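Here, residue 1 is the first one in the sequence, and each next residue gets the next number. All figures in this text were calculated on a predicted structure; none of them were measured in a lab.
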Amino acid sequence: MPEIEIIDCHRKIVGKINLKSEIFGVEINKPLIHEVVVNYLTNKRSGTASTKTRGLVSGSGRKPWRQKGTGRARVGSIRSPLWRGGGTVFGPMPKDYYYRVPKKKKWLAMNSALSSKLSAGELIVLDRIEIPEHRTKLMVSMLKDLGITEESILILIHGDMAEKNILLASRNIPNVSVVRLDSLNVYDLLRHQKVLMTLETIKKIEEIFS
């Protein structure tokens, strides 16, 4: 059963906790993680790129000049793709890129990502986060005490109203993201160097993903 130290906001060890093996001690499945991350990024695509074909652009459908005898090339419409302002051939059209990955696969990838963070020493568990006011300098001060100001940080919260100050105090710090557990995804876990959470949050994770 994996174990992790619990520290306070001043980097002092205040205890240890045993973590569930089925969440934090699974074999790291890189192909599955890749599949779920690709699915997440693909589903974020807006698919709004659009062009107009010759049937959609403005302009008359009348033949500009007669077919023969003018000395000019024959043409049937000013909306021809060969003309400036004409339609586009095989251009992008609005498309929905969404596709589903089974929920069980997503959960296994999440457990694999959490296990990789723990094994790499990139998971930090605090007894609590004390931010009495929603001020950026309070959050910066806490991160300095923890010695992680030079790295990208993901702070996980479980949606308690008391954690609103954490969200507000972090939003102006470029390398810090705050994510609620109900919005957590594998991509966010992997793109940050450190994952920071409280003891209460880690218990919630074990309830949700076990």
Whether [X] side chain and [Y] backbone form a donor-acceptor pair below 3.5 Å:
| X | Y | value |
| --- | --- | --- |
| Thr51 | Pro92 | yes |
| Ser152 | Asn175 | no |
| Asp127 | Val14 | no |
| Arg66 | Lys68 | yes |
| Thr42 | Val38 | yes |

To the nearest 0.5 Å, how far apart are [atom1] in [X] and [atom2] in [Y]?
| X | Y | atom1 | atom2 | result |
| --- | --- | --- | --- | --- |
| Ile157 | Lys164 | CD1 | NZ | 11.5 Å |
| Ile208 | Glu206 | CD1 | CD | 11.0 Å |
| Ile129 | Ile166 | CD1 | CD1 | 4.0 Å |
| Leu123 | Leu114 | CG | CG | 7.5 Å |
| Leu189 | Lys117 | CG | NZ | 7.0 Å |
| Glu200 | Leu126 | CD | CG | 13.5 Å |

Checklist entry - Are Thr48 and Met93 close enough, and set up right, to give a side-chain contact (heavy atoms from CB on, under 4.5 Å), and what steps lead you there? => result CA-CA 7 Å; Thr48 54; Met93 299 298 284; over 6 Å; no
For [X] versus [Y], what's the shortest heavy-atom pair and its separation?
| X | Y | value |
| --- | --- | --- |
| His192 | Ser177 | NE2-OG, 3.0 Å |
| Leu190 | Ala113 | CD2-CB, 4.2 Å |
| Val101 | Lys106 | O-CE, 3.8 Å |
| Thr149 | Val140 | CG2-O, 4.3 Å |
| Asn111 | Phe209 | OD1-CB, 3.7 Å |
| Tyr97 | Asn43 | O-OD1, 3.9 Å |

Single-linkage hydrophobic cluster, 4.5 Å side-chain cutoff, [X] and [Y] together:
| X | Y | result |
| --- | --- | --- |
| Ile7 | Val195 | no |
| Leu168 | Met139 | no |
| Ile124 | Ile202 | no |
| Leu154 | Tyr40 | yes |
| Val125 | Leu146 | no |

Checklist entry - If you link I, L, V, M, F, W and Y whenever their side-chain heavy atoms are under 4.5 Å apart, who else ends up in the same group as Trp83? => result Trp65, Val75, Ile78, Leu82
Non-hydrogen side-chain atoms of [X] and [Y] separated by less than 4.5 Å:
| X | Y | answer |
| --- | --- | --- |
| Ser80 | Arg54 | yes |
| Ile155 | Leu167 | no |
| Asn165 | Pro132 | no |
| Arg128 | Glu130 | yes |
| Leu138 | Arg135 | yes |
| Thr53 | Thr88 | no |
| Leu156 | Leu184 | yes |

With a sphere of 6.0 Å drawn around [atom1] of [X], does it hold more than 12 non-hydrogen atoms of other residues, nucleotides or ligands?
| X | atom1 | value |
| --- | --- | --- |
| Gln67 | CD | yes |
| Lys63 | NZ | yes |
| Lys204 | NZ | no |
| Phe90 | CZ | no |
| Arg191 | CZ | yes |

Next on the checklist: Does Ile148 form a side-chain contact (heavy atoms from CB on, under 4.5 Å) with Glu151? I'd like the steps, not just the answer.
Outcome noted: CA-CA 6 Å; Ile148 52 174; Glu151 298 162 296; 3.6 Å; yes
Listing, residues 15-33 side-chain donor-acceptor contacts under 3.5 Å, not counting sequence neighbours, or none:
unit_1 : atom_1 : unit_2 : atom_2 : d
Asn29  : OD1    : Leu32  : N      : 3.1

Next on the checklist: Please tell me whether His158 and Thr201 have a donor and an acceptor in their side chains that are separated by less than 3.5 angstrom.
Outcome noted: yes
